[in-house]
Amino acid sequence: MKIKFWLLDLNYEFRNGIPEVWLWGITSDERRILIVDRRFKPYFYAVLKGDVNAEDIGNSILRLFPRNVIGFEVCERKVFGKNVKALKIYCSDPDRVDDIASKVKGLPNILDVYEYDIRFTLRYLIDNGIRPCGWIEVDCEPLDGYGNVKVDSIYLALDKPISIEDPSIPKLKILGFWFICLSSSGSPKPEKDPIIVISTIDGDGVEKMFTVGEDLSDLNILKRFIDYVNSYDPDIIVSYGSNSRLIPYLLERARRNGLKLCIDRVGSEPHTSLYGHISITGRINLDLFDFADEFQEVKVKSLENIAEYLGVMKAEGVIEDFEVQDYWHDPNRRGDLYRYSMDNVKRIMGVYRAIIDFAIQLSYLVGLPLDFIGTAAVGFRVEWFLIRNAYRFGELVPKRKEVLYQPYAGAIVLQPKPGLHENVAVIDFRSMYPSIMLTYNVSPDTYIPPEEPEPQCGVYIAPEVKHRFKRDPPGFYRDVLKTLIEVRDNIRSVIKGLSLEDPLYKVLDARQKAIKVISNAMYGYAGWIGARWYIKPVAEAVTAWGRSLISNTLKISSEIGLKVVYGDTDSLFVEYKPELVEKLLGRIRSELGFEARVDKVYVRILFTEAKKRYCGLLEDGRLDFVGLEVVRGDWANVAKIAQERVLEIIMHGEGVNKALDFIRSFIGRMRKGEIPFKEYIIWKTLTKDLSEYEVKAPHVEAARILKEKGFSLSLGDKVGYIISIGTGKLYERAIPYMLASKDQLDVEYYISNQVLPAVSRILEVFGVREEQIMSLGKTKTLTDFFKPKVSGKP
DNA sequence: GCTGGGCTCTTACCC
DNA sequence: ACGGGTAAGAGCCCAGCG
């Protein structure tokens, strides 16, 4: 019989000497099924020396490893674009492929071995051309003997699964959860601190809450939680921080209580996978924290901040770990704990709804299961996408090598013309780096090293660096990028015909966004020394062509008399004279062979002397803040608020005097203590282990204090601290914000080292020096603002 | 012993 | 554990100083 299903998750089991791939699926009539495929065998490639008899070598390998090697095929493949003769060597045990490959590598007439490090389940997906979060059809028959598996039906695959193009998504059963623990000091420790409330919400909005009694024994609530998960039987279990914190905590609490946390579909506990995330067999363990990086505007990546940013819920009523005991021991406030726990599940469900379409499409495009895709760093997302395409291209996947880091030149950034400019158009090249790779066939398999002769087809030569790339045939990157662009254009034209309410709209829009993300990350991948396909000249050539594009555009601008005020990498900021701008775009198209467009027009734009920092007023009255303190996460809010307000005043033409009035009154309010404590917190990331810091720094000292008090901190965490009154270095005066109070704040430090630098950076452009801001001396008049003078720099 | 200039370390941004 | 280019503050070092 033929079964069509949507692939949720997969794993493999080694049973009776046969590797079985288990495909967890959902059918269109919403049955949960398991398909077992015993037909797929693990393998690796051995590339042979040119003049040998492949059959003989294959047979000798068969004889050498009678139990482990079960067959071979002779085949033609490519290694960095060069044709090679290879043996595809099939093994019996997926876990021994690595080992056999390394032994085969040592045999005579073998040049090298490949693809022994591609995981079996991913190998299965790639070779069958099927994708997680996609529809699949397979010929199969019912299968018995898998009694402990919790699905509606189990089948044995009789043939290769086939991918079915169908963008629809079945109704998934979702369960969001959160819990709160009672710690006596610092962060809760699962070895001693019990869970006091577990809250859940399902996909239909049904809320459940499990609470402990006065005895603080969490045995019972863990049991009830486990039972509930199993009876609801979700496809996706979603939370925030599940991989690093929540599930490990639950596992340890269960263990302490003599329980097994059996919440998967085979009756076992969650386990850590090779990729570092926690796997719940047959379900998706979705950790929304893994997607927090997508929201660059949110600086402190807490659940409440992400949820607020996405418009789910205000970041209010938050109860921090160290405050839990106060609430618990106060009968009047215990309810607040329960409310907060449930609020967090509401936040989780809201964030889930905001990201799930994108996550599903990224999983589909890249081919990594939904629970890996979030955990995978950008480089690995690109890489798995490439590996899948390499198979199609006949290119063997190179192994990762240790490569020496060698920096290379990047993009051009122009010195901005400081001051206020009116009517400025931002011209940018559309997807500059991907376009360059496409146009000049820049790819690891088209690169011609200096010692090699020029091929028949001719070469493209990169400016400055002179790296050469074959004109033909299309390289691996060109092929992949071309497909991505075609698919994206296609989707965008389909979307245009859909109404916003059409369920397909959301799906397809998410898909085209996923494609864009991967396309734009290809250049970065190419220059990453950890990349399997890393070849420095590939990345170096891309930036060289980019620089020449920008400098040629500059030349054309000056030829046609269009003034340029700034530019960065793939953009030029020019005075907005529509006819001249059109002329420029036309010449870019005809003379340079690239597409550029007017990205936006600023009614007014302010540059300081610094690159990468400006503020622009858009036609609709909104302000763009770029690079300035306003958008940085490592300045106290007082500085950001003050700078933002000053820029509003200036950009809307209200004049320098009004800005000065504002600053003086703001500083006055700071001194009177009218600004809330939280606006003084400075957040900085711990980028290494505390012991590895070479110099003392405030956030590192604050982190040390926290650690001493029993708070757990790890790499990548943000530390919030304030600077307190006192003498000595800043790092001696830094106090973690949760241990500090308002009266300890060194307000004068914040005025002189946070607020004044942030606002004077702006006002300097108008000739206002920092000392003048505080003095009540003569200040500029309103008319001066319209004839801005640059401060007295050489 | 203190000061200030210059260098280094560190973080976070832009594209 | 995706690239290079850039700004900026605070720590740190040490020459120079009656």
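So that the names make sense, note that chain A is the first sequence line, chain B the second, and so on, each numbered from 1.
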To the nearest angstrom, the CD-P distance between A/Q754 and B/dA12 comes to 13 Å
Please state whether the rings of A/F573 and A/Y602 are parallel, tilted or perpendicular, taking 30° and 60° as the class boundaries.
parallel
(message) If the cut-off is 4.0 Å, is A/Y693 near the phosphate of B/dT11, judged by side-chain N/O to OP1 or OP2?
(response) yes
Has A/R381 got a side-chain atom pairing as donor or acceptor with A/G374's backbone, closer than 3.5 angstrom? yes
note: A/D634, atom CG; B/dC13, atom C1'; distance rounded to Å ~ 9 Å
Regarding the side chain of A/L730, the nearest nucleotide among C/dG11, B/dC9, C/dG3 is C/dG11
A/F380 has its side chain closest, among B/dT10, C/dA1, C/dG4, to C/dA1
Next item on the list: Determine the contact category for A/A526: base if any of its heavy atoms lies under 4.0 Å from a base atom, sugar-phosphate if only primed atoms, P, OP1 or OP2 are that close, otherwise nothing.
Entry: nothing
The residue, A/K696 or A/L715, whose nearest nucleotide of DNA chain C is more 5′ is A/L715
| query | With sugar-phosphate meaning primed atoms plus P, OP1 and OP2, does A/D428 contact a base, only sugar-phosphate, or nothing at under 4.0 Å between heavy atoms? | reply | nothing
Picking from B/dC9, C/dA8, C/dG5, the nucleotide nearest the side-chain atoms of A/E629 would be C/dA8
(Q) Is A/N753 close enough to C/dG9 that one of its side-chain N or O atoms is under 4.0 Å from OP1 or OP2 there? (A) no
Just call it for A/V382: base, sugar-phosphate, or nothing, with non-hydrogen atoms closer than 4.0 Å on any strand. nothing
Of B/dT10, C/dC2, B/dC14, the nucleotide closest to the side chain of A/V378 is C/dC2
Separation of C/dA10 atom C1' from A/I723 atom CD1, nearest Å, is 10 Å
**Asked** What nucleic acid atoms does A/Y534 come within less than 4.0 Å of, heavy atoms only: base, sugar-phosphate, or nothing?
**Response** nothing
Notebook entry, point to check: Within the pair A/H699 and B/dT10, is there a side-chain N or O less than 4.0 Å away from OP1 or OP2?
Noted result: no
message = Just to be sure I understand the rule, does A/G627 reach a base, reach only the sugar-phosphate, or reach nothing, if contact means heavy atoms closer than 4.0 Å?
response = sugar-phosphate
Exercise. Heavy atoms under 4.0 Å, any strand shown: does A/R632 hit a base, just sugar-phosphate, or nothing?
Worked result: base
For this session: State whether A/K696 and A/E732 are salt-bridged, where the test is any N-O pair (Lys NZ or Arg NE/NH1/NH2 against Asp/Glu carboxylate O) under 4.0 Å.
Result: no
query: A/Y433 near the nucleic acid: base, sugar-phosphate alone, or nothing, with a heavy-atom cut-off under 4.0 Å?
result: nothing
note: A/K299, atom NZ; B/dA12, atom P; distance rounded to Å ~ 9 Å
Separation of C/dA8 atom P from A/K612 atom NZ, nearest Å, is 13 Å
| message | Over all strands shown, is A/R400 touching base, sugar-phosphate only, or nothing at heavy-atom distances under 4.0 angstrom? | response | nothing
Looking for any heavy atom pair under 4.0 Å, which part of the strands does A/G524 touch: base, sugar-phosphate only, or nothing? base
Query raised in the report: At under 4.0 Å between heavy atoms, what does A/A411 touch on the DNA or RNA strands: base, sugar-phosphate, or nothing?
Result: sugar-phosphate
Quick one: are the ring centres of A/Y614 and A/F607 less than 6.0 Å apart?
yes
Regarding the side chain of A/T685, the nearest nucleotide among B/dT10, C/dG9, B/dT11 is B/dT11
Review point. Under 6.0 Å from the six-membered ring centre of A/Y693 and within 45° of its axis: does the NZ or CZ of A/K688 meet both?
Key: yes
* Asked: NA contact type, A/Y749, heavy-atom cut-off 4.0 Å: base, sugar-phosphate, or nothing?
  -> sugar-phosphate
**Prompt:** According to a strict under-4.0 Å criterion, is A/Y566 in side-chain N/O contact with OP1 or OP2 of B/dC15?
**Reply:** no
Classify A/V542 by what it touches in the nucleic acid, base, sugar-phosphate, or nothing, heavy-atom distance under 4.0 Å. nothing
**Request:** Please work out if A/A521 contacts a base, only the sugar-phosphate, or nothing of the nucleic acid, heavy-atom cut-off 4.0 Å.
**Result:** base
Q | A/R613 vs C/dA8: side-chain N/O to OP1/OP2 distance below 4.0 Å | A | yes
Testing C/dC2, C/dG5, B/dT10 for proximity to the side chain of A/W528, the answer is C/dC2
From the candidates B/dT10, C/dG3, B/dC14, the one with an atom nearest any side-chain atom of A/T687 is B/dT10
Rounded to whole Å, the CG-C1' distance (A/L628 to B/dC15) equals 16 Å
Out of B/dA12, B/dC15, C/dA7, minimum distance to the side chain of A/Y614 belongs to B/dC15
note: A/Y523, atom OH; C/dG3, atom C1'; distance rounded to Å ~ 4 Å
- Item | Within 6.0 Å of CZ in A/F666, more than 12 heavy atoms from elsewhere | yes
Picking from B/dC15, C/dG5, C/dG11, the nucleotide nearest the side-chain atoms of A/V626 would be B/dC15
Taken to the nearest whole Å, NZ/A/K688 to P/C/dA1 is 13 Å
Regarding the side chain of A/W635, the nearest nucleotide among C/dG9, B/dT10, C/dC12 is C/dG9
* To do: Examine A/K399 relative to A/Y114 and say whether NZ or CZ is less than 6.0 Å from the centre of the six-membered ring and inside a 45° cone about the ring axis.
  => yes
Worksheet item: What about the rings of A/W533 and A/F476, do their centers lie closer together than 6.0 Å?
Response: yes
